[in-house]
Number of protein chains: 2
Amino acid sequence: MAIRLNLQNAGLREHELEYARPLAEAANRALHERSGAGSEMLGWLDLPEAYDREEFARIQAAAKRIQEQSEVLVAIGIGGSYLGARAGLEFVKGPFGNQLRNKGAEVYFAGNNLSSAYVQNLFDIIGDRDFSVNVISKSGTTTEPAVAFRLFKARLEEKYGKDGARERIYATTDAHKGALRGLAEEEGYETFVVPDNIGGRFSCLSAVGLLPMAAGGMDIARVMQGCADARTAYSNPKLSENDAMRYASVRYGMLAKGKCTEILASYEPSLTMFGEWYKQLMAESEGKDGKGLFPVSANFTTDLHSIGQFIQDGARSLFETVLWVERSGHDLTVPEDPANVDGLNFAAGMTMQQMNEKAMKGTLLAHVDGGTPNVVITLDRLDDYTFGELVYFFWKSLAVSGYLLGVNPFDQPGVEAYKKNMFALLGKPGFESAKAALEARLQGI
Amino acid sequence: MAIRLNLQNAGLREHELEYARPLAEAANRALHERSGAGSEMLGWLDLPEAYDREEFARIQAAAKRIQEQSEVLVAIGIGGSYLGARAGLEFVKGPFGNQLRNKGAEVYFAGNNLSSAYVQNLFDIIGDRDFSVNVISKSGTTTEPAVAFRLFKARLEEKYGKDGARERIYATTDAHKGALRGLAEEEGYETFVVPDNIGGRFSCLSAVGLLPMAAGGMDIARVMQGCADARTAYSNPKLSENDAMRYASVRYGMLAKGKCTEILASYEPSLTMFGEWYKQLMAESEGKDGKGLFPVSANFTTDLHSIGQFIQDGARSLFETVLWVERSGHDLTVPEDPANVDGLNFAAGMTMQQMNEKAMKGTLLAHVDGGTPNVVITLDRLDDYTFGELVYFFWKSLAVSGYLLGVNPFDQPGVEAYKKNMFALLGKPGFESAKAALEARLQGI
């Protein structure tokens with residue numbers, strides 16, 4: 001395995017995991033027997049074995065075509081149709097991947113907000129360069145991606161004509177029904193499938209995430225291999241031999257110990273967007289029925305000079321999961337300076353990675369001593385394989401902890417509430433009746 | 001004022017602010033009388049009136065020189081010597097400011113982490129282009145910026161020779177003492193001052209933040225004007241007439257209502273880094289003595305498809321402060337589509353800004369109905385003036401709420417804990433004694 005779990009600073013007493021065993025194993029059994037809540041949405045569980053090889057080859061071919069026809073791919077989607085692909089690309093290519101242009105197409109993400117300035121920025125970044133669009137929406141009617149798709153489609157048609165635009169639009173949508181499926185077939189876009197039995201936050205290793213990742217230069221076959229190996233490892237029904245279940249038990253136990261917030265902390269800026277992906281996975285899966293650990297992410301050592309003070313000494317409501325990357329992609333060494341004015345010569349000749357490691361270890365113990373338990377997940381390196389493995393680890397772990405919490409980890413009913421109000425305020429047909437009452441409550445804002 | 005506070009959805013009963021009045025006004029009095037905890041660190045309170053005009057003019061001149069001599073400025077600093085300048089630049093120039101190159105120098109931030117890959121990325125982004133360095137450190141011995149400064153200084157000397165490098169290094173440091181002050185005088189760097197009586201997280205409108213902001217093209221005179229106007233407005237001793245104090249009272253009251261986490265939410269990606277700045281300000285100021293509201297930031301509508309589910313329906317431990325920008329920098333319109341496959345024609349002809357506003361208002365009411373109180377801060381626009389005003393608003397409010405909480409809002413003792421452990425593990429002279437005991441606790445990680 002390319003990832004390892006270490007619980008020795010998680011504040012567990014020796015008996016705790018043993019006492020948790022029957023529950024965790026029951027939750028895991030409910031998952032594999034497909035007898036728990038939301039079991040119709042378990043398509044991700046066997047995905048790395050069961051995925052459609054024909055479609056996978058088409059994704060690889062389409063990615064190659066995108067790289068040939070365009071410098072830029074605009075991936076249009078929101079939530080799970082956005083975060084996974086971006087997390088993967090930054091995991092492997094780093095936060096400056098688009099500027100460095102060292103691999104694949106530049107990939108920008110649109111349709112995940114309603115900021116006009118943001119879309120205009122993307123227009124300006126594309127300039128007169130060639131670009132393609134991957135529109136990702138199961139229904140084709142979700143507001144944010146629909147707005148962005150209208151804008152980028154108009155741009156494509158203006159630049160390439162209607163026929164030229166068709167060859168640069170790739171639609172990832174429902175296999176059979178829905179607005180985008182209909183349009184794609186009418187226009188002749190190449191299409192890929194958003195599976196029926198995989199929710200958005202579990203969809204990044206379906207065509208939803210794989211096409212932008214491959215277009216951006218990721219080796220998606222290695223991603224799937226990492227995911228497949230994780231599936232094998234984390235299918236072990238015994239708690240003591242299954243790190244995904246052990247992690248689930250620890251997270252669930254933190255709630256019982258009075259912790260309400262979990263922090264996913266990393267020491268590589270490349271993991272910032274992985275933190276965002278993690279937050280969606282955890283918050284949407286567990287934050288319901290008045291329950292849940294609130295998920296937060298942090299980038300160290302930067303945030304040790306920000307929320308670090310709170311983690312060390314504020315309200316004792318937190319615990320941390322540290323993502324530690326054992327082999328950094330580069331290996332710069334601290335230069336010797338004869339004058340030694342900064343007093344740093346004790347570290348001259350060390351690699352930054354060695355220093356980063358001491359920072360991580362020193363922080364870990366400081367936070368534990370301050371009353372913030374720490375779980376450590378060590379990753380071999382930030383490559384395609386490890387990304388696939390880590391994604392599956394968190395999927396599996398979250399599914400088990402969601403069942404431990406007594407929620408349906410696979411729905412997200414609360415996401416509809418803002419949409420309904422927004423539609424009413426926008427005057428969308430079918431939602432008019434609530435409009436006046438809502439507006440009355442908004443006077444003065 | 002360019003900002004407005006709205007409390008009508010904060011879940012307050014009519015009497016609450018009246019009952020809070022004596023406390024808030026006492027806290028504010030302690031601040032202005034300089035009789036409260038940490039009052040030696042109140043240099044920010046009158047900063048927009050009292051700042052050094054001679055140095056300010058030198059900052060503007062240096063920024064112009066940097067723009068003339070270099071395409072890129074590398075600003076080296078951590079915590080308050082990093083976040084404010086980056087927050088300001090993205091506030092005004094947007095998240096893609098460096099790629100769009102529409103104003104000032106490209107500004108990248110280093111010395112805020114120990115990632116080798118990150119520094120190598122910056123080297124690659126600079127390539128063979130001209131660059132300058134602003135090293136920002138009161139002592140000159142803080143580990144992260146010291147490492148980065150050695151690396152970038154070596155790079156400068158290699159490219160421009162020792163003399164050429166000196167002309168491209170700008171040092172912001174202690175006025176009289178410390179390693180970096182000594183080096184700067186010896187080498188003849190142009191220097192600027194990190195004030196003695198202003199802590200890092202309040203320093204972004206001193207030379208610490210102003211030089212990178214000005215080099216990146218911000219109008220720092222307008223920033224200071226916004227800050228000065230905010231100082232006037234928020235010096236009013238009456239709670240009922242002082243929005244900074246009203247906001248402080250509300251935040252403090254949230255704790256008493258059982259909320260433990262505050263979310264600063266915005267609807268413009270340009271505010272992402274402002275959220276990071278806010279988190280440092282709040283977490284370092286209040287997260288001590290086992291107390292504090294844990295600060296989190298969110299980008300909507302993106303995060304409505306992530307932590308949105310939790311905000312709507314998870315554990316009821318949250319409240320939100322919404323930053324709403326009234327005038328977006330651009331005004332794209334939703335195109336008409338005769339086929340209307342996405343059903344979006346009801347919005348055709350609307351601006352994205354109008355849609356974003358309905359999203360904000362719909363979300364606000366949905367979250368309030370779900371049990372998450374909302375405070376709204378409306379900003380006229382994302383410009384230099386508003387940035388200065390908003391920064392002072394939060395400084396002032398935080399100072400009052402810190403006193404309400406009974407902490408010293410101006411120290412950060414917990415930040416030292418990780419450093420001590422890190423130094424011991426690194427074998428830094430003077431810290432050796434703790435090394436063996438720490439290492440024993442780290443076996444297996």
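Lettering of chains follows the sequences in order, A, B, ..., and the numbering in each one begins at 1. Given the structure is predicted, the values throughout are model-derived calculations rather than measurements.
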Exercise. Quick one: which of B/Thr143, B/Thr333, B/Leu100 has the most heavy-atom pairs under 4.5 Å with chain A, could you say?
Key: B/Leu100
Self-check item: B/Leu364 versus chain A, the contacting section by heavy-atom distance below 4.5 Å
Solution: side chain
Exercise. Taking all heavy atoms of A/Ser306 and all of B/Glu276, pick out the closest pair and write down the distance.
Key: OG-O, 4.3 Å
Quiz item: Where is the tightest heavy-atom contact between A/Pro429 and B/Phe346, given as atom of each residue plus distance?
Solution: CD-CB, 3.6 Å
Quiz item: Among A/Pro95, A/Pro269, A/Ser266, which one satisfies side chain to side chain contact (heavy atoms under 4.5 Å, CB included) with B/Ser115?
Solution: A/Pro269
Quiz item: If you count heavy-atom pairs under 4.5 Å between each of A/Val334, A/Leu151, A/Asp331, A/Val296 and chain B, which one has the most?
Solution: A/Leu151
Self-check item: Contact leader toward chain B among A/Asn9, A/Ile307, A/Ile311, A/Leu180, where contacts are heavy-atom pairs under 4.5 Å
Solution: A/Ile307
Self-check item: Candidates A/Leu426, A/Leu438, A/Leu442 - the one meeting side chain to side chain contact (heavy atoms under 4.5 Å, CB included) with B/Lys358
Solution: A/Leu426
Quiz item: Nearest 0.5 Å, what's the OH-CE distance between B/Tyr118 and A/Met352?
Solution: 10.5 Å
Quiz item: Any sub-3.5 Å donor-acceptor pair from A/Gln412's side-chain atoms to B/His305's backbone N or O?
Solution: no
Quiz prompt | Toward chain B, the part of A/Asp303 with a non-hydrogen atom under 4.5 Å | solution = side chain
Self-check item: Among the listed options B/Thr351, B/Asn121, B/Leu318, B/Leu183, the residue most often paired with chain A at heavy-atom distances under 4.5 Å
Solution: B/Asn121
Quiz prompt | Any donor-acceptor pair under 3.5 Å from B/Asn6 side chain to A/Gly444 backbone | solution = yes
Practice problem: Below 4.5 Å from any heavy atom of chain A, which atoms of B/Asn102 appear? Answer side chain, backbone, both or neither. | Solution: neither
Quiz item: Can you find a heavy atom in the side chain of B/Phe96 that is under 4.5 Å from one in the side chain of A/Tyr108?
Solution: yes
Quiz item: Among A/Ala179, A/Gly200, A/Ala348, A/Ala339, which has the most heavy-atom pairs under 4.5 Å with chain B?
Solution: A/Ala179
Practice problem: Give the minimum heavy-atom separation between A/Asn345 and B/Arg150, together with the two atoms involved. | Solution: OD1-NH1, 2.7 Å
Quiz prompt | For B/Lys288, side chain to side chain contact (heavy atoms under 4.5 Å, CB included) partners two or more places apart | solution = A/Gln309, A/Asp313, B/Arg201, B/Val407, B/Asp411
Exercise. Could you pull out the closest heavy-atom pair between B/Ala315 and A/Gly292, with the gap in Å?
Key: CB-O, 3.8 Å
Quiz item: By a 4.5 Å heavy-atom criterion (distance strictly below it), what part of B/Glu144 contacts chain A: side chain, backbone, both, or neither?
Solution: side chain
Quiz item: With a 4.5 angstrom heavy-atom cut-off, which part of A/Ile263 approaches chain B: side chain, backbone, both or neither?
Solution: side chain
Quiz item: With respect to chain A, which residue among B/Val376, B/Leu281, B/Asp289 yields the maximal number of heavy-atom pairs within a distance under 4.5 Å?
Solution: B/Asp289
Quiz item: Considering only heavy atoms, which portion of A/Glu336 lies under 4.5 Å from any heavy atom of chain B: side chain, backbone, both, or neither?
Solution: backbone
Self-check item: Structural part of A/Leu122 lying under 4.5 Å from a heavy atom of chain B
Solution: side chain
Quiz item: Given that the side chain runs from C-beta out, which part of A/Val147 has a heavy atom under 4.5 Å from chain B: side chain, backbone, both or neither?
Solution: both
Practice problem: Name the option with the most non-hydrogen atom pairs under 4.5 Å to chain B; the candidates are A/Ala347, A/Pro295, A/Ala146. | Solution: A/Ala146
Quiz item: Given side chains that start at C-beta, do those of A/Leu304 and B/Met422 come closer than 4.5 Å, heavy atoms only?
Solution: no
Quiz item: Of all of B/Val325, B/Leu293, B/Asn98, B/Leu83, which one pairs up most often with chain A through heavy atoms under 4.5 Å apart?
Solution: B/Leu293
Quiz prompt | Spacing of OG1 belonging to B/Thr363 relative to NZ belonging to A/Lys419, to within rounding of 0.5 Å | solution = 11.0 Å
Quiz item: Can any side-chain N or O of A/Lys361 pair as donor or acceptor with the backbone N or O of B/Ile445 at less than 3.5 Å?
Solution: yes
Quiz item: If you tally heavy-atom pairs under 4.5 Å against chain A, which of B/Gly427, B/Gly308, B/Ala283 wins?
Solution: B/Ala283
Practice problem: Select one option (side chain, backbone, both, neither) describing which atoms of A/Met282 are under 4.5 Å from chain B's heavy atoms. | Solution: neither
Quiz prompt | Charged N-O contact under 4.0 Å between A/Asp342 and B/Lys153 | solution = no
Quiz prompt | Option that, when pairs with chain B are counted at under 4.5 Å, heavy atom only, ranks first among A/Ala154, A/Gly79, A/Gly178, A/Ala117 | solution = A/Ala117
Quiz item: Under a 4.5 Å heavy-atom cutoff, which of A/Asp124, A/Ile125, A/Thr378 has the most pairs with chain B?
Solution: A/Ile125
Quiz item: If you measure only the distance, is there a donor-acceptor pair under 3.5 Å linking the side chains of B/Asn113 and A/Thr302?
Solution: no
Quiz item: Between A/Ser116 and B/Leu332, is there a donor-acceptor pair closer than 3.5 Å when you use the side chain of the first and the backbone of the second?
Solution: yes
Quiz item: Can you check whether A/Gly287's main-chain N or O pairs, donor with acceptor, with B/Gln312's side chain at less than 3.5 Å?
Solution: no
Quiz item: Taking only residues two or more places apart in sequence or in another chain, which ones pass side chain to side chain contact (heavy atoms under 4.5 Å, CB included) with B/Ser139?
Solution: B/Ser137, B/Thr141, B/Thr142
